[in-house]
Structure formats: C-alpha cells, structure tokens
Amino acid sequence: MPAPLRDIVRALEAFGGVVDRPSSGSHWRARMGGKVYPLAAHNGERSEIRDLYIKGLCRCFDLDESEFRKKL
C-alpha cells in the first residue's frame, strides 16, 4: 500500500535516518548508516511512494519491513 513521503520521513527518522530534500529535480535522498536510497517524489511531501520503493528502502537500510510499516 503506497504511503505519503511525509510519513516515510517520520518513520525513517524514528529508526535514526534522515531524508534530504532535492537541491533540484524530484529525487529525495534517504540516508542512514552511510548508505543513500533515492525516493522519486514529484509532488514533494504529498507524493505517494509506491511499495516497490518502501521495500527497497527497507532492504537498503536492513530494516524490518513490518516494523517500518507500523510507524507509517
């Protein structure tokens, strides 16, 4: 189920990560533990992020997907 970017930002911050606004373009950057994962968000914080990206973000940062989704 897609989630708004603002919810993903809040959930990732709860795990110790941060999400940076793009200086140009539409790809926001999630950062945690020296790793970076891009998030395509054409409508800023109101963008709906697809499951594909949420699963990839959890894989990249080695987060339990079910625990991450509980925080959304």
Side-chain angles (χ1 to χ4, degrees):
M1 179 172 186
L5 178 62
R6 66 179 165 269
D7 292 348
I8 291 173
V9 170
R10 187 180 63 245
L12 190 60
E13 286 174 349
F15 284 96
V18 295
V19 179
D20 298 326
R21 291 180 173 272
S23 56
S24 66
S26 61
H27 282 78
W28 294 52
R29 288 178 302 282
R31 295 185 296 118
M32 192 166 97
K35 295 180 182 177
V36 176
Y37 188 79
L39 296 168
H42 301 285
N43 291 320
E45 291 182 340
R46 294 175 310 193
S47 297
E48 292 286 321
I49 305 300
R50 296 184 358 214
D51 281 342
L52 175 74
Y53 286 99
I54 296 171
K55 289 178 182 186
L57 180 132
C58 291
R59 246 190 336 269
C60 178
F61 298 135
D62 198 29
L63 300 174
D64 182 279
E65 185 180 344
S66 62
E67 290 298 316
F68 185 79
R69 287 187 183 273
K70 285 180 188 176
K71 296 195 181 291
L72 291 178

(request) Could you list the residues that satisfy side chain to side chain donor-acceptor pair (under 3.5 Å) with Glu67, not counting sequence neighbours? (result) Lys70

(request) Over all heavy atoms of both residues, which pair between Pro2 and Asp51 is shortest? Give the atoms and the distance, please. (result) N-OD1, 3.8 Å

(message) Using 0.5 Å steps for rounding, measure from the CG atom of Leu12 to the OH atom of Tyr37.
(response) 12.0 Å

(request) Please round to the nearest 0.5 Å and tell me the distance separating atom NZ of Lys35 and atom CG of Leu57. (result) 11.0 Å

(request) For Glu65, enumerate each residue passing the side chain to side chain donor-acceptor pair (under 3.5 Å) test, keeping only those at least two apart in sequence or located in another chain. (result) Arg69

(message) Tell me which pairs pass side chain to side chain donor-acceptor pair (under 3.5 Å) where either residue lies in residues 3-19, with sequence neighbours left out.
(response) Asp7-Arg10

(request) Would you name the heavy atoms of Ala30 and Leu39 that are closest together and state the gap between them? (result) CB-CD1, 4.3 Å

(request) Would you give the length of the straight line joining atom CH2 of Trp28 to atom CD of Glu45, rounded to the nearest 0.5 angstrom? (result) 4.5 Å

(request) Could you pull out the closest heavy-atom pair between Ile54 and Ala3, with the gap in Å? (result) CD1-CB, 4.0 Å

(message) Asp64: which residues meet the side chain to side chain donor-acceptor pair (under 3.5 Å) condition with it, sequence neighbours left out?
(response) Ser66

(message) Checking Ser26 against His42: is there a side-chain donor and acceptor pair closer than 3.5 Å?
(response) yes

(request) Apply salt bridge (Lys or Arg N to Asp or Glu O under 4.0 Å) to Arg29 and list each qualifying residue two or more places apart in sequence or on a separate chain. (result) none

(request) With side chain to side chain contact (heavy atoms under 4.5 Å, CB included) as the test, would you mind laying out the steps for Leu63 and Met32 before giving the verdict? (result) CA-CA 11 Å; Leu63 300 174; Met32 192 166 97; 3.5 Å; yes

(message) If you compare all heavy atoms of Ile49 against all heavy atoms of Ala41, which two are closest, and at what distance to 0.1 Å?
(response) CD1-CB, 4.2 Å

(request) Name all residues meeting the salt bridge (Lys or Arg N to Asp or Glu O under 4.0 Å) criterion together with Glu48; count only those two or more places apart in sequence or in a different chain, and write none if there are none. (result) none

(request) Starting at CZ of Phe15, measure out to CZ of Phe68 and round the result to the nearest 0.5 Å. (result) 7.0 Å

(request) Give the cluster check for Leu72 versus Val9: same hydrophobic cluster or not, with ILVMFWY residues linked at side-chain heavy-atom distances below 4.5 Å. (result) yes

